[in-house]
Amino acid sequence: AGTRYVGRWGPGDNRTVEFTLSTAETARQQRYALRATVSYADAAFDPVTSRPMAVGVTPVAHRLGLAGGGGTVQAGQETTINGTITNGGPGRIDHGVVVVASAGAGVTAATPEYAVGAIDPGESVPFSVSLAVAEDAEAGPRRLGYRVRFRNDNGDARRSRPLYATVRIAPGSQGFAVSVARTSTS
């Protein structure tokens, strides 16, 4: 609930009134109906409240994009993966942290978080995470999921939709054995 004072209106005048709204992180991207009324004094200075008017509002989520964030990793190795997060708007994000949300079988995030800080709309910021791949991890592609935790313009904690990249696991290096074929003594 909120109010705004718009001053004196003449017949036929229009006024634009702006409000800043926020939604829960779980709010769906759909239209919501808000109810608005106008309270005023008529020509006889009697207080009057208009009939309720419906106003449609659609929440706008931050549009965060991922470039990179994938690559080839070798079984039995720890590898650094680089990527870039881009803020497509509509507002600035603060205290941003890229989080490895899912890495697939045999892959764990050795560094599961990377702080990217504030990102203005249209700005891109690089990040890197380390992935550890089990020696017995099966070779092939894995889907690597990221999320970005951040604070919006109102200071509310938010997180992005999942952002995905592909990581290919290459077979581990083959061990070798040493054997003695012939010995001689002198």
- [ ] For residues Val97 and Val99, determine if any side-chain heavy atom of one lies less than 4.5 Å from a side-chain heavy atom of the other.
- [x] yes

Open item on the list: A side-chain contact here means heavy atoms from C-beta on lying under 4.5 Å apart; do Arg51 and Thr37 qualify?
Closed with: no

Any idea which heavy atoms bring [X] and [Y] closest together, and the distance?
{"X": "Pro126", "Y": "Val116", "result": "O-CG1, 4.1 Å"}
{"X": "Leu131", "Y": "Ala109", "result": "CD2-CA, 4.0 Å"}
{"X": "Ser39", "Y": "Thr49", "result": "OG-OG1, 3.4 Å"}
{"X": "Thr166", "Y": "Pro141", "result": "CG2-CB, 4.0 Å"}
{"X": "Thr80", "Y": "Ser128", "result": "CG2-CB, 3.7 Å"}
{"X": "Ala75", "Y": "Pro171", "result": "CB-C, 4.2 Å"}

For the side chain of [X] and the backbone of [Y], is there at least one donor-acceptor N/O pair under 3.5 Å apart?
{"X": "Thr111", "Y": "Ser130", "answer": "yes"}
{"X": "Arg147", "Y": "Ser160", "answer": "yes"}
{"X": "His62", "Y": "Gly91", "answer": "yes"}
{"X": "Asn87", "Y": "Ile119", "answer": "yes"}
{"X": "Ser50", "Y": "Val38", "answer": "yes"}
{"X": "Asn152", "Y": "Asn154", "answer": "yes"}

Pairwise distance [atom1]([X]) to [atom2]([Y]) - rounded to 0.5 angstrom:
{"X": "Arg151", "Y": "Asp94", "atom1": "CZ", "atom2": "CG", "answer": "10.0 Å"}
{"X": "Glu123", "Y": "Ile93", "atom1": "CD", "atom2": "CD1", "answer": "9.0 Å"}
{"X": "Gln74", "Y": "Arg168", "atom1": "CD", "atom2": "CZ", "answer": "15.0 Å"}
{"X": "Arg158", "Y": "Leu64", "atom1": "CZ", "atom2": "CG", "answer": "12.5 Å"}

[atom1] of [X]: more than 12 outside heavy atoms within 6.0 angstrom?
{"X": "Glu113", "atom1": "CD", "result": "yes"}
{"X": "Glu78", "atom1": "CD", "result": "yes"}
{"X": "Arg15", "atom1": "CZ", "result": "yes"}

Open item on the list: According to side-chain hydrogen bond (donor to acceptor under 3.5 Å, both in side chains), who are the partners of Asp120, at least two apart in sequence or on a separate chain?
Closed with: Arg92

- [ ] Check the hydrophobic clustering (I, L, V, M, F, W, Y; side-chain heavy atoms under 4.5 Å; chains of links allowed) and say if Ile85 and Tyr164 are grouped together.
- [x] no

Task: Same cluster (ILVMFWY, side-chain, under 4.5 Å), Met53 and Val6 - done: no

Task: Salt-bridge contact Arg4-Glu18 (side-chain N to carboxylate O under 4.0 Å) - done: no

TODO: With Leu163 as reference, evaluate Leu66, Val98, Leu144 under the side-chain contact (heavy atoms from CB on, under 4.5 Å) test and give the passing residue.
DONE: Leu66

Task: Partner of Val167 under side-chain contact (heavy atoms from CB on, under 4.5 Å), chosen from Thr72, Thr79, Val73 - done: Val73

Task: Residue pairs involving residues 84-125 (criterion ring-ring contact (aromatic ring centres under 6.0 Å, His included); sequence neighbours excluded) - done: none

TODO: Could you please spell out the steps behind the side-chain contact (heavy atoms from CB on, under 4.5 Å) verdict for Arg159 and Phe150?
DONE: CA-CA 6 Å; Arg159 68 180 180 157; Phe150 61 95; 5.6 Å; no

Open item on the list: I'd like to know whether Tyr146 forms a side-chain contact (heavy atoms from CB on, under 4.5 Å) with Val100, so could you lay out the CA-CA distance, the side-chain angles of the two residues, the decisive distance to 0.1 Å, and finally the verdict.
Closed with: CA-CA 5 Å; Tyr146 296 97; Val100 177; 4.0 Å; yes

TODO: Show your working on side-chain contact (heavy atoms from CB on, under 4.5 Å) between Ile169 and Arg142 and close with a plain yes or no.
DONE: CA-CA 7 Å; Ile169 297 178; Arg142 300 286 189 285; 3.7 Å; yes

Task: Check against side-chain contact (heavy atoms from CB on, under 4.5 Å), Phe127 and Val125 - done: CA-CA 7 Å; Phe127 72 92; Val125 176; over 6 Å; no

